[in-house]
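Below is one structure, written out as structure tokens, with a few remarks after it.
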Amino acid sequence: MAAFGVVPCQIYTNLRSTSLISFKYGIKSEKQEYYGSILRNGQRFVRNRLNIYFGGEGRKIRSKSLHCNCSGAERLVNGVVNDLGDPSHEAKQHLKYENEHNGFNNTFNVFGSNTLDDEAWNLLRASMVYYCGNPIGTIAANDPSDSNTLNYDQVFIRDFVPSGIAFLLKGEYEIVRNFILHTLQLQSWEKTMDCHSPGQGLMPASFKVRTVPLDGDDSATEEVLDPDFGEAAIGRVAPVDSGLWWIILLRAYGKCSGDLSVQERIDVQTGIKMILKLCLADGFDMFPTLLVTDGSCMIDRRMGIHGHPLEIQSLFYSALLCAREMLAPEEASADLIRALNNRLVALSIHIREYYWIDMNKLNEIYRYKTEEYSFDAVNKFNIYPDQIPPWLVEWMPNKGGYLIGNLQPAHMDFRFFSLGNLWAIICNLATTDQSHAILDLIESKWSDLVAGMPLKICYPALEGQEWRIITGSDPKNTPWSYHNGGSWPTLLWQLTVACIKMNRPEIAEKAIKIAEKRIAKDKWPEYYDTKGARFIGKQAHLYQTWSIAGYLVAKLLIANPSAANILVNIQDAELLNVFSSALSANPRGKRLRKGPKQSFIV
Ligand code: GLC
């Protein structure tokens with residue numbers, strides 16, 4: 001008997017904002033058949049049968065591709081609904097065919113294009129994945145000469161974000177809308193690993209469109225979406241960041257297209273709430289930060305980032321703010337919204353206070369007393385000053401600072417992680433002063449963090465015994481390679497958004513120029529190796545989509561900086577008030593002994 005699961009029936013791409021969607025939500029078991037129905041202009045349509053199989057081989061979402069019903073669906077391009085049955089579809093398929101059969105042997109002028117941007121756009125379009133004839137994502141890497149694709153032929157949720165943003169900035173909204181709605185279907189999947197099911201609300205790390213024989217008809221095939229929640233991933237890592245990125249992209253879609261009907265849909269609202277419930281669930285934790293296993297984000301293999309890694313905390317904060325903007329105010333969600341607001345305040349106090357280091361803070365840690373048993377301890381986490389690594393004493397500039405990688409009892413991970421720091425600027429988790437200081441540090445440590453290719457994923461690399469113990473002697477994560485101090489061109493777009501937010505775009509422009517010198521010539525690698533990013537990564541995939549999309553987003557935003565608003569969160573006055581009163585009532589986080597627990601009600 002297969003496991004039971006809660007399955008929202010939520011389908012359909014190409015719904016107009018005026019459409020009303022019927023929505024089923026219940027406990028189901030074994031093979032289920034759902035029919036999505038759409039009420040439009042008083043008429044009910046049944047579209048795309050969706051079969052959901054639980055357990056065993058057949059756990060796939062199925063949707064007919066032959067006689068596909070969606071081929072004549074409306075399309076939303078440049079904010080205009082076009083009912084013409086997608087005249088561009090054939091052309092797109094043709095381009096896809098051409099791309100698949102021509103290969104990408106030329107370093108420049110692929111498809112006869114003249115500029116780097118044209119080449120990048122052609123490559124990005126060539127990486128598009130179609131489901132029932134509609135674009136729903138981009139594959140991770142598109143190098144026809146590579147026989148060892150592993151799972152790089154799948155659509156990764158986190159990898160699609162820069163692709164999605166590039167399409168949004170170009171006014172091509174359909175692919176993003178489809179991606180959002182189809183990944184939502186996968187969220188409520190019955191997912192198991194060795195008899196254990198993770199929490200409902202988890203979004204997959206990636207998915208693949210497969211063509212399989214149609215049930216009961218050997219002469220026909222259908223397309224299915226096949227998700228991976230980590231149960232097949234190397235190391236079986238849980239993609240904690242996927243749901244957070246999904247919320248961030250959903251908000252960006254609404255802000256950019258002006259089409260708020262997607263975020264207002266009942267199934268989308270339910271999806272947001274499921275992610276939040278999973279993240280806000282009570283556990284054993286004493287900290288407001290999200291507790292995760294190693295490899296639960298962009299760094300998706302063992303790198304010693306288990307616990308409370310900064311990247312997850314920044315994305316978590318960002319997703320909470322985005323969800324707060326999008327959740328419909330209704331009685332039933334009042335508790336969830338209250339929990340969300342409380343968490344936002346606690347999380348920002350915690351990160352700004354305890355993750356921040358600069359020269360002053362480092363000196364404070366250097367002089368810490370330890371073993372303080374009291375509510376008023378200064379060294380709350382019992383950090384032994386000897387933990388300050390020798391490299392940091394030399395490396396920390398007089399001007400500048402950053403948020404450390406992780407904080408646990410008696411443990412500070414002093415490594416600099418780029419994505420977590422940049423996203424903390426973007427979502428306002430870092431204060432204004434801290435945000436400037438992070439950019440100051442990037443500028444003053446340019447030769448370490450940018451060098452020959454922006455941007456180092458983290459600094460410094462783990463070496464020797466540390467590498468052996470922390471990575472488990474991972475031959476892919478050797479010092480200054482891949483996740484262990486490798487340089488990832490995709491991070492260019494996050495750097496650009498952060499610089500634009502702080503009104504310092506010249507830093508990003510300088511980085512873009514460095515990337516432009518070689519990124520196309522090197523065939524858009526996934527990452528670079530060595531301290532100075534001199535080599536193309538040992539096992540780097542070429543024509544890596546998020547390297548291409550990251551470059552395009554950076555260029556588009558530099559040309560139109562105000563568009564960065566679709567990603568940025570600004571200081572919320574209400575939150576700021578609660579934040580300052582919480583801090584003044586509770587200087588340096590001392591425990592409040594009197595009065596009820598502070599709660600923040602909007
Ligand atoms: C690697 C990266 C991960 C990315 C995936 C697909 O596993 O670590 O962040 O999503 O490749 O590009």
Side-chain angles (χ1 to χ4, degrees), residues 123-124 127-129 137-143 146 148-166 179 183 202-208 227-246 248-249 292-306 309-312 314-315 417-420 422-423 455-458 461 471-472 474-478 480-494 523-529 536-551:
L123 291 168
L124 183 61
S127 72
M128 281 163 77
V129 171
T138 50
I139 53 171
N142 195 12
D143 178 6
D146 187 358
N148 187 24
T149 52
L150 296 171
N151 52 352
Y152 282 70
D153 59 351
Q154 303 204 6
V155 180
F156 278 74
I157 308 300
R158 71 174 74 85
D159 292 41
F160 180 72
V161 176
S163 299
I165 302 295
F179 171 87
T183 45
L202 190 69
M203 283 281 184
S206 59
F207 66 86
K208 193 174 164 72
D228 178 10
F229 288 91
E231 69 268 35
I234 297 165
R236 303 293 186 263
V237 282
V240 179
D241 63 341
S242 289
L244 308 174
W245 278 123
W246 183 85
I248 292 166
L249 187 63
V292 298
T293 56
D294 217 342
S296 52
C297 52
M298 177 185 180
I299 295 178
D300 56 0
R301 51 204 284 146
R302 192 172 154 194
M303 263 292 288
I305 60 163
H306 51 277
L310 180 66
E311 176 176 333
I312 289 289
S314 296
L315 294 176
F417 287 87
S418 296
L419 180 45
L422 293 174
W423 209 266
L455 188 66
K456 280 255 161 44
I457 194 166
C458 66
T471 71
D474 185 346
K476 197 161 176 185
N477 271 334
T478 49
W480 308 108
S481 179
Y482 200 45
H483 300 138
N484 188 13
S487 300
W488 292 65
T490 187
L491 294 170
L492 198 54
W493 76 273
Q494 283 114 339
K523 302 182 183 170
W524 307 91
E526 180 186 13
Y527 64 95
Y528 286 79
D529 282 357
I536 295 171
K538 216 176 353 187
Q539 297 183 41
H541 289 262
L542 302 180
Y543 300 107
Q544 179 80 14
T545 305
W546 69 353
S547 299
I548 298 163
Y551 167 77

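Note that ligands are numbered from 1 as they come in the structure, with each ligand's atoms numbered from 1 the same way. Computation of the quantities below employed the complete heavy-atom set of this structure, encompassing side-chain atoms and omitting hydrogens, waters and symmetry-equivalent molecules.
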Interfacing atoms of ligand 1 (cut-off 4.0 Å, heavy-atom, Glu526):
1 (C), 11 (O)
Backbone, side chain, both or neither: what part of Phe160 comes under 4.0 angstrom of ligand 1, heavy atoms only?
neither
Nearest protein heavy-atom contact for atom 11 (O) of ligand 1: which residue, which atom, what distance?
Tyr152 OH, 3.0 Å
In terms of atom number and element, which parts of ligand 1 are under 4.0 angstrom from non-hydrogen atoms of Tyr482?
1 (C), 2 (C), 7 (O), 8 (O)
Would you say Arg301 touches ligand 1, if touching means a heavy atom closer than 4.0 Å?
no
For ligand 1, indicate whether the residue His541 contacts it via side chain, backbone, both or neither (heavy-atom separation under 4.0 Å).
neither
closest protein heavy atom to atom 10 (O) of ligand 1 is Asp159 OD1, 2.6 Å
Is any side-chain heavy atom of Gln544 closer than 4.5 Å to a side-chain heavy atom of Thr490?
no
Closest to atom 3 (C) of ligand 1 among Ile157, Ile457, Asp300 (heavy-atom distance)
Asp300
Are side-chain heavy atoms of Phe417 and Ile457 found at a separation under 4.5 Å?
no
Identify which one of His483, Arg302, Arg301 satisfies the side chain to side chain donor-acceptor pair (under 3.5 Å) criterion when paired with Asp474.
Arg301
Does His483 come within less than 4.0 Å of ligand 1, judged by its heavy atoms?
yes
Non-hydrogen side-chain atoms of Thr138 and Trp546 separated by less than 4.5 Å:
no
Among all protein non-hydrogen atoms, which one is nearest to atom 5 (C) of ligand 1, and what is the separation to 0.1 Å?
Phe156 CE2, 3.9 Å
Near Gln544, which atoms of ligand 1 are under 4.0 Å from a heavy atom of that residue?
12 (O)
What class does the angle between the rings of His541 and Tyr152 fall in, given that below 30° is parallel, 30 to 60° is tilted and above 60° is perpendicular?
parallel
What I want to find out is whether Lys538 reaches Asp529 closely enough, with some N-O distance under 4.0 Å, to be called a salt bridge.
no
State whether Asp143 and Lys523 are salt-bridged, where the test is any N-O pair (Lys NZ or Arg NE/NH1/NH2 against Asp/Glu carboxylate O) under 4.0 Å.
no
Please report the closest heavy-atom contact between Leu202 and Pro239, naming both atoms and the distance.
CD1-O, 4.2 Å
Of the protein's non-hydrogen atoms, which lies at the shortest distance from atom 9 (O) of ligand 1, and what is that distance?
Met298 O, 2.7 Å
